[in-house]
Protein chains: 2
Amino acid sequence: MRTAVNSHFSTTQGSAAQRIESELRRSIIALELPPGSRLSEQDIAERHGVSRQPVREALIGLARTRLVEIQPQRGTVVVKISVRKMMEARFVREAIETAVVRRACSSFDRQSRQRIDDLIEMQEHAARRDDHDAFQRYDELFHIALAEGAGCPLAWEAVQDIKAHMDRVCQLTLPGPEAMLPLIDQHRNIVAAIDARNEDAAAEAMRLHLTEILRALPRVEAEHPELFSA
Amino acid sequence: MRTAVNSHFSTTQGSAAQRIESELRRSIIALELPPGSRLSEQDIAERHGVSRQPVREALIGLARTRLVEIQPQRGTVVVKISVRKMMEARFVREAIETAVVRRACSSFDRQSRQRIDDLIEMQEHAARRDDHDAFQRYDELFHIALAEGAGCPLAWEAVQDIKAHMDRVCQLTLPGPEAMLPLIDQHRNIVAAIDARNEDAAAEAMRLHLTEILRALPRVEAEHPELFSA
DNA sequence: TAGTGGATACTACCATACAAGTGTCGGCCA
DNA sequence: TGGCCGACACTTGTATGGTAGTATCCACTA
């Protein structure tokens, strides 16, 4: 019973490098570190009270998922949001997750099915409390449970990096409960279609859900042009 | 014209860490480092004439794509091939690449279209020379060109990590030209369907292609049980 | 005044040294 | 003889110093 290095979501790990990477990822997604910010190994190291080495490893991890760009001998910056990349990400994510829900219609793990009801409920509470962070956490857990229930946890891993980028937009596009609650309804529609074992309906519900998320993208781009790349 | 950090495929990069990561990844996929091998930062560092630090970063990169597993304070091992993971990987890859070819039917970049013909030709030559390495390289470039031509290079990035695992099986399952040539025919079928702008046919051709690749999986597992996890 | 060349301060990158945890092996004891 | 316990060899993780590359800024020149 060693293993279990990283189950479910990014709870702070043991190693300092992983802790810092999680923390930086959170800050970037929450836009506390806005796109274009310059990151310095030195600064971050001092700020976290550790050496530069773990920070460096953390930045390399973030660079691998394209959240930051390491310019050799120059510096490291938080990458700007690219509308083009965002469209591509949405496309790939739709491909994966629609396939997942189709598969879920054939066979779905009972335990995961139970868990999903709880998650939706808790997510709704978070929305009514207007708690963005919790909302996004439960959203993530919902999609994870979907993938695991369908017997394909690897699908989630493939989606994870992609989702990180989309979450930055969601951070801008969810100003209150009235924007979050519809997404929960969409979740319920997806689950209902799976329960009815209706593949096409489930896939379409998922497609609509993922389309909705980026519907407001042009608006936020117009409102915050400095966060987007040319 | 700085940028261009990593275009097309894994040609050895500037940094030592990236060089070593590419080299290790190649060795693992080629099964020169068989599953279960114990890797030591110290050994690899001495072998490559560098310090432990770049090696460490390389191993972290490989661990992120699940090619190796870093056991803290214990050691690092090449992960064994898991039939279950392989099935999941195939599923996700099919989801992505069928979506890509469907998209390609709507609009496909002319330059990429031209390139694909060349790639197929060169891949056929490699097959007739019985050159596994070149065959797999051109196979990779074929799928890259497909994604880029469809206007979704990000799709390839998502597939890349997944493909690394499948390639280890392919290494075992392709003993000669008679096994490679059918795959090329399948590539031609895919392209033909795209040219005809027949979405369903293209997706089905891709599905068949990806199904074929792992058809011989039970056989190689029986032949080399020591490479697979329980 | 506009343009150019070089010193300087910054960065990521690499090497080395140290710290902390884990499995193993051998001696010791009941 | 079987089981326990501690020293040791090995691993990864972290800290720190030094190196090479790049951009900036300022003095100098045409």
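In this text the structure is predicted, and so the values were computed from the model without any measurement. Chain identifiers are assigned alphabetically (A, B, ...) following the order of the sequence lines, protein sequences preceding nucleic acid strands; residue numbering begins at 1 within each chain.
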Open item on the list: Heavy atoms from C-beta onward define the side chain here; which of D/dG17, D/dG13, C/dT11 lies closest to that of B/Pro72?
Closed with: D/dG13
Open item on the list: Taking A/Ala150's backbone N and O only, do any of them form a donor-acceptor pair with A/Arg103's side chain (distance below 3.5 Å, no angle check)?
Closed with: yes
Task: Name of the residue among A/Glu32, A/Gln136, A/His132 meeting side-chain hydrogen bond (donor to acceptor under 3.5 Å, both in side chains) with A/Gln171 - done: A/Gln136
Task: Interatomic distance, B/Glu41 CD vs D/dT11 P [rounded to whole Å] - done: 10 Å
Open item on the list: Taking the basic N atoms (NZ, or NE/NH1/NH2) and the acidic carboxylate oxygens, is any pair closer than 4.0 Å for B/Arg64 and B/Glu21?
Closed with: no
Task: Interatomic distance where CD belongs to B/Glu57 and P belongs to C/dC14 [whole Å] - done: 7 Å
Task: More than 12 heavy atoms from other groups under 6.0 Å of CZ on B/Arg47 - done: no
Task: Side-chain N,O (A/Thr76) to OP1/OP2 (C/dA12) below 4.0 Å - done: yes
- [ ] Give the rounded distance in Å between these two atoms: CD of B/Gln53 and P of D/dG13.
- [x] 11 Å
- [ ] Round to the nearest Å and state the distance from A/Arg56 atom CZ to C/dC13 atom C1'.
- [x] 5 Å
Open item on the list: Any residue in residues 42-51 of chain A with a heavy atom nearer than 4.0 angstrom to DNA chain D? Just list them by number, or reply none.
Closed with: A/Val50, A/Ser51
TODO: State, with a plain yes or no, whether a side-chain heavy atom of B/Gln53 is found less than 4.5 Å away from one of A/Glu57.
DONE: yes
- [ ] Classify the side chain of A/Arg19 versus the base of D/dG13 as yes if they form a donor-acceptor pair under 3.5 Å and no if they do not.
- [x] no
Open item on the list: Check this for me: does any side-chain nitrogen of one of B/Glu88 and B/Lys85 sit under 4.0 Å from a carboxylate oxygen of the other?
Closed with: no
Open item on the list: From CZ of A/Arg74 over to P of D/dT22, roughly how many Å is that when rounded to an integer?
Closed with: 10 Å
TODO: Just compare D/dT16, D/dT14, C/dG21 and give me whichever is closest to any side-chain atom of B/Gln73.
DONE: C/dG21
Open item on the list: Classify the ring geometry of B/His209 against B/His187: parallel below 30°, tilted from 30° to 60°, perpendicular beyond 60°.
Closed with: perpendicular
Task: Spacing of B/Ile70 atom CD1 relative to C/dG21 atom P, expressed in whole Å - done: 18 Å
- [ ] Give a yes/no answer on whether the side chain of A/Ser40 brings an N or O atom under 4.0 Å of OP1 or OP2 in C/dT11.
- [x] yes
- [ ] Describe the nucleic acid contact of B/Ile60 in one word from base, sugar-phosphate, nothing, applying a heavy-atom distance below 4.0 Å.
- [x] nothing
Open item on the list: In whole Å, I'd like the distance from the CZ atom of B/Arg52 to the C1' atom of D/dG13.
Closed with: 8 Å
Task: Spacing of A/Gln18 atom CD relative to D/dG13 atom C1', expressed in whole Å - done: 11 Å
